[in-house]
Asks: 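Submitted below is the structure of interest, expressed as structure tokens.
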Amino acid sequence: MDTTAFDVKDLKQFDEPANLLKALSHPIRLCIVRGLIRKRKCNVSYMQECLDIPQSTISQHLQKLRSTGIVITERSGLEVNYLLADPRIEPIVHILFGEEDCES
């Protein structure tokens with residue numbers, strides 16, 4: 001039996017991609033990421049207005065996305081904007097939703 005398709009010698013190589021997928025696996029985080037693809041960058045207030053959920057909830061989800069390197073922040077005076085940081089994420093979301101549903 002040929003078992004070369006499953007390389008168990010280095011399972012560590014799967015940790016980081018699995019963590020990215022875990023971070024995307026929550027509906028609110030997936031919605032935030034798709035919104036950032038559409039808008040390119042936005043602040044928490046805008047997300048709160050669009051999603052109609054508490055700012056603290058959005059901040060918790062953004063922290064998870066930041067900790068996995070999916071989003072980064074960009075400060076402009078007092079305003080903090082979020083934008084996608086990992087170029088691998090956009091194609092994943094396009095596969096899930098289709099190109100046309102991810103464009104503004």
Side-chain angles (χ1 to χ4, degrees):
M1 177 194 283
D2 180 18
T3 61
T4 58
F6 299 94
D7 182 13
V8 297
K9 293 177 189 142
D10 187 17
L11 285 177
K12 289 274 185 213
Q13 68 181 326
F14 297 99
D15 288 348
E16 195 260 348
N19 286 332
L20 287 176
L21 293 173
K22 283 181 205 175
L24 290 174
S25 69
H26 192 282
I28 292 174
R29 291 193 291 267
L30 195 53
C31 182
I32 289 170
V33 169
R34 189 174 76 165
L36 289 173
I37 291 170
R38 288 176 169 172
K39 196 151 171 56
R40 295 293 162 206
K41 68 179 179 180
C42 66
N43 61 32
V44 175
S45 297
Y46 182 83
M47 292 180 208
Q48 180 184 9
E49 187 179 312
C50 293
L51 295 171
D52 195 30
I53 57 177
Q55 181 268 333
S56 59
T57 302
I58 293 170
S59 292
Q60 288 173 358
H61 287 294
L62 284 167
Q63 181 53 42
K64 177 70 173 176
L65 293 170
R66 284 181 71 189
S67 70
T68 55
I70 293 174
V71 301
I72 57 173
T73 59
E74 178 181 271
R75 185 173 287 278
S76 177
L78 296 176
E79 186 174 81
V80 177
N81 286 299
Y82 289 84
L83 53 145
L84 286 179
D86 192 324
R88 299 174 294 176
I89 301 304
E90 195 165 338
I92 293 169
V93 175
H94 282 166
I95 288 168
L96 295 173
F97 291 99
E99 294 269 346
E100 61 282 348
D101 286 341
C102 293
E103 302 305 319
S104 54

Asks: Minimum heavy-atom separation for Ala23 to Ile70, with atom names?
Replies: CB-CD1, 3.7 Å

Asks: Do Ile53 and Met47 share a hydrophobic cluster, counting only Ile, Leu, Val, Met, Phe, Trp and Tyr and linking them when any side-chain heavy atoms are less than 4.5 Å apart?
Replies: yes

Asks: Could you tell me which non-hydrogen atom of Ala85 sits nearest to which non-hydrogen atom of Ile72, and how far apart they are?
Replies: CB-CG2, 3.4 Å

Asks: Does Glu16 pair with Lys22 as a salt bridge, N-O distance under 4.0 Å?
Replies: no

Asks: Please evaluate residues His94 and Ile37 with respect to the criterion side chain to side chain contact (heavy atoms under 4.5 Å, CB included), reporting the C-alpha separation (whole Å), side-chain torsions for both, the decisive distance (0.1 Å), and the verdict.
Replies: CA-CA 9 Å; His94 282 166; Ile37 291 170; 3.9 Å; yes

Asks: With no hydrogens and no angle check, is any side-chain donor or acceptor of Ser59 less than 3.5 Å from a backbone partner on Gln55?
Replies: yes

Asks: So which heavy atom on Tyr82 is nearest to which on Leu36, and how close?
Replies: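 So the two residues come closest at O-CD2, 3.2 Å.
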
Asks: Where do Arg88 and Pro91 come nearest, in terms of heavy atoms and distance?
Replies: O-CD, 3.3 Å

Asks: Report yes or no: do Val80 and Val33 belong to one cluster of Ile/Leu/Val/Met/Phe/Trp/Tyr joined by side chain heavy-atom distances under 4.5 Å?
Replies: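 Per the 4.5 Å side-chain linkage, Val80 and Val33 are co-clustered.
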
Asks: Report the residue from Asp15, Asp86, Ile92, Leu65 that forms a side chain to side chain contact (heavy atoms under 4.5 Å, CB included) with Leu20.
Replies: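 Going through the options one by one, the only one that passes is Asp86.
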
Asks: Less than 4.5 Å apart, side chain to side chain, heavy atoms only: is that true for Thr68 and Leu24?
Replies: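 Result no, sub-4.5 Å side-chain heavy-atom pair not found.
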
Asks: I need the Gln48 CD to Asn43 CG distance, nearest 0.5 Å.
Replies: 10.0 Å

Asks: As an exercise, state the distance from NE2 of His26 to CD of Gln60, rounded to the nearest 0.5 Å.
Replies: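 So the gap between those two atoms works out to 10.0 Å.
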
Asks: Would you say the side chains of Asn81 and Glu74 form a donor-acceptor pair under 3.5 Å?
Replies: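 Checked: Asn81/Glu74 side chains show no N/O donor-acceptor pair below 3.5 Å.
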
Asks: Which heavy-atom pair separates Arg40 from Leu83 by the least distance, and what is that distance?
Replies: O-CB, 3.3 Å

Asks: Are the side chains of Lys41 and Leu84 in touch, meaning some heavy atoms are under 4.5 Å apart?
Replies: no

Asks: For Tyr46, is the NZ or CZ atom of Lys39 found under 6.0 angstrom from the centre of its six-membered ring and inside 45 degrees of the ring axis?
Replies: yes

